[in-house]
Amino acid sequence: MKVLKFGGTSVSSVATVKNISEILKKTDDNQIIVCSALSKVTNMLEEAANKASQKDTTYKKVCTEIKKRHHDFIDQLFAVDEQGNLKAIIDHHIDQLEKVLEAVYMLNELSQRAYYIVVSFGEKMSNAIIFQYLTIHNGSVGYLDSSEVIITKFENGKEDVNRSQTYKNIAAAYNPENKITVAPGFISRNEKGYATTLGRGGSDFTAALYAAALNAMKLEIWTDVSGIYTADPRKIKNARPLEKMSYREVLELSNLGAKVIYAPTVKPVLDANIPMVILNTFYPDEKGTLVTNTTDIKNPVKSFSTMDNIAMLSFTGTGLVGNSGIAGRLFNALKDVNVIIISQACSEMAINIVINERDADKAVEAINKEFDFEIKGKKSILPIKAETGYSILAMVGEGMKNAAGVTGRAFTTLGKHNVNIHLIAQGSSEINVSIVIKSSDAQNALEALHNEFFKE
């Protein structure tokens, strides 16, 4: 048995849905297919929710557009006598959506619970359509409601998957007599039965949970690119897909801005040692990228990734030197901020913190509040300020730890191209070297390093 995930672009048109059907016909293995909402629909649902919360009645127009989008899709995909009650199912979901949005409008507030309910309708509607089409064209097809089996629990300020309970639920609900099982991605519920989601990109995670729960022989992530590339092909024209990567390399890339894989996806298949393949729905015969516990280390650097909209904070002062507990207080102050990189020189005079620009004001306020006495009183710690306009450029590869001179070669290349490095970070695993540079230098730096390490 294997699990296949198809993202929004893979269910964006009649042609792509037909591609899915043909892909599923290529094997006699049992298959679970996890699909996202139709392309752009989740964005439309978020737009409607935000409008309703702002007392903007045009949320109703957005609902009408969503309904029309699905009706048109059905008319294009099915003959009239094949549609059955599919439009009625869509209309029921739209009616439920409008009731939730009306409540949001009346309260003038979008709660987290209401948000989860609203955005879940995209997957419910798209998977109803996919189920109907595959039932007609692919034979024995079952349906497994992800919102009934994937359970989340509230921990550390967010909903996290209760993997043990989820695995038990999936194993109990899965019917192997169905050659194909359709299971919507993204949607879940918490331990109290309220709707939750696995976050944007969560359909990948959904598929990984099914694969791990049922010990699948393979997880296939079908998207609109032919695997994981040496760099973002939208930024580097001569970027090329990689044949093989390790889970650890993929996890590093996904945490550093690469969009091909949603980071939480990796953990379930890594723990279960299930191979994962990244494939292209539009070019299904291409090999894609195989992800396993091992990797090809012919080239010490496997891929480059950039993350934009970065802010850098410098926490400095003589009060840092030799005073135990300062770092602990700093990290505690930042407990509600996603810290990407932390760097401290051995002199202890400064700690540099790299975060997303959107978190900069919150981080500055939290740190200045925590160290208000030192800043205003003894003057031993300077007021912290955030500098914006930075990017992170990371090079990833397990082969770097056994290859001398890789970082020197990279820094020499950047020097030749007049790129100023503001911060360097490398973990003890040596899989990833990250540098912080000005955003205005990011494209130049990415091109220079890619040309250096992936010469034609």
Side-chain angles (χ1 to χ4, degrees), residues 155-158 251-258 263 304-396 400 407-408 410-411 414-415 418-442 445-446:
E155 288 186 341
N156 301 318
K158 62 177 183 176
L251 192 56
E252 291 284 352
L253 283 174
S254 60
N255 282 323
L256 287 160
F304 292 95
S305 181
T306 54
M307 182 184 292
D308 299 320
N309 302 314
I310 294 299
M312 191 158 60
L313 286 67
S314 293
F315 182 64
T316 61
T318 57
L320 276 64
V321 181
N323 284 334
S324 61
I326 291 289
R329 289 173 60 194
L330 174 64
F331 299 152
N332 186 62
L334 293 170
K335 64 181 182 297
D336 295 324
V337 175
N338 180 33
V339 177
I340 303 169
I341 296 174
I342 297 170
S343 175
Q344 182 179 22
C346 60
S347 66
E348 299 184 53
M349 284 287 289
I351 299 175
N352 293 307
I353 304 153
V354 179
I355 59 176
N356 287 305
E357 284 186 354
R358 64 175 179 268
D359 294 328
D361 289 343
K362 181 166 66 173
V364 168
E365 182 180 356
I367 296 171
N368 284 338
K369 181 179 179 181
E370 172 63 30
F371 293 94
D372 182 67
F373 176 78
E374 288 86 352
I375 292 170
K376 291 182 178 177
K378 298 179 180 180
K379 306 292 184 182
S380 57
I381 293 178
L382 300 177
I384 195 167
K385 294 182 180 179
E387 294 182 66
T388 58
Y390 289 97
S391 294
I392 297 172
L393 172 55
M395 52 184 188
V396 172
M400 290 194 295
T407 53
F411 297 153
L414 293 176
N418 298 314
V419 176
N420 187 27
I421 298 172
H422 295 266
L423 185 145
I424 303 165
Q426 181 178 23
S428 58
S429 66
E430 300 183 55
I431 293 176
N432 162 34
V433 176
S434 295
I435 61 173
V436 178
I437 56 179
K438 281 290 187 181
S439 295
S440 55
D441 290 328
L446 181 60

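Numbers here are sequence positions counted from 1. None of the values given here were measured: they were computed from a predicted structure.
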So do the side chains of [X] and [Y] get within less than 4.5 Å of each other, counting heavy atoms only?
{"X": "T306", "Y": "S391", "answer": "no"}
{"X": "I355", "Y": "N338", "answer": "no"}
{"X": "M400", "Y": "M395", "answer": "yes"}
{"X": "L330", "Y": "I353", "answer": "yes"}
{"X": "K362", "Y": "V337", "answer": "yes"}
{"X": "L414", "Y": "I437", "answer": "no"}
{"X": "V339", "Y": "F331", "answer": "no"}
{"X": "Y390", "Y": "L423", "answer": "no"}

Working to the nearest 0.5 Å, report the span between [atom1] of [X] and [atom2] of [Y].
{"X": "M312", "Y": "I340", "atom1": "CE", "atom2": "CD1", "result": "12.0 Å"}
{"X": "T316", "Y": "I384", "atom1": "OG1", "atom2": "CD1", "result": "8.0 Å"}
{"X": "E252", "Y": "N432", "atom1": "CD", "atom2": "CG", "result": "4.5 Å"}
{"X": "R329", "Y": "I381", "atom1": "CZ", "atom2": "CD1", "result": "6.5 Å"}
{"X": "N332", "Y": "E370", "atom1": "CG", "atom2": "CD", "result": "6.5 Å"}
{"X": "F315", "Y": "I367", "atom1": "CZ", "atom2": "CD1", "result": "7.0 Å"}

Show the nearest heavy-atom pair for residues [X] and [Y], with the distance to one decimal.
{"X": "S434", "Y": "A394", "answer": "OG-CB, 3.6 Å"}
{"X": "A386", "Y": "A360", "answer": "CB-CB, 3.9 Å"}
{"X": "F411", "Y": "I435", "answer": "CE2-CG2, 3.8 Å"}

Passing candidate, side chain to side chain contact (heavy atoms under 4.5 Å, CB included) with M307, options V436, V354, L393, I392:
I392
Worked check of side-chain contact (heavy atoms from CB on, under 4.5 Å) between N356 and N309:
CA-CA 6 Å; N356 287 305; N309 302 314; 5.7 Å; no
Keeping N255 on the side-chain end and L251 on the backbone end, is there a donor-acceptor pair under 3.5 Å?
yes
For S439 and G389, indicate whether the former's side chain and the latter's backbone hold a donor-acceptor pair under 3.5 Å.
yes
D361, CG atom: more than 12 neighbouring heavy atoms under 6.0 Å:
no
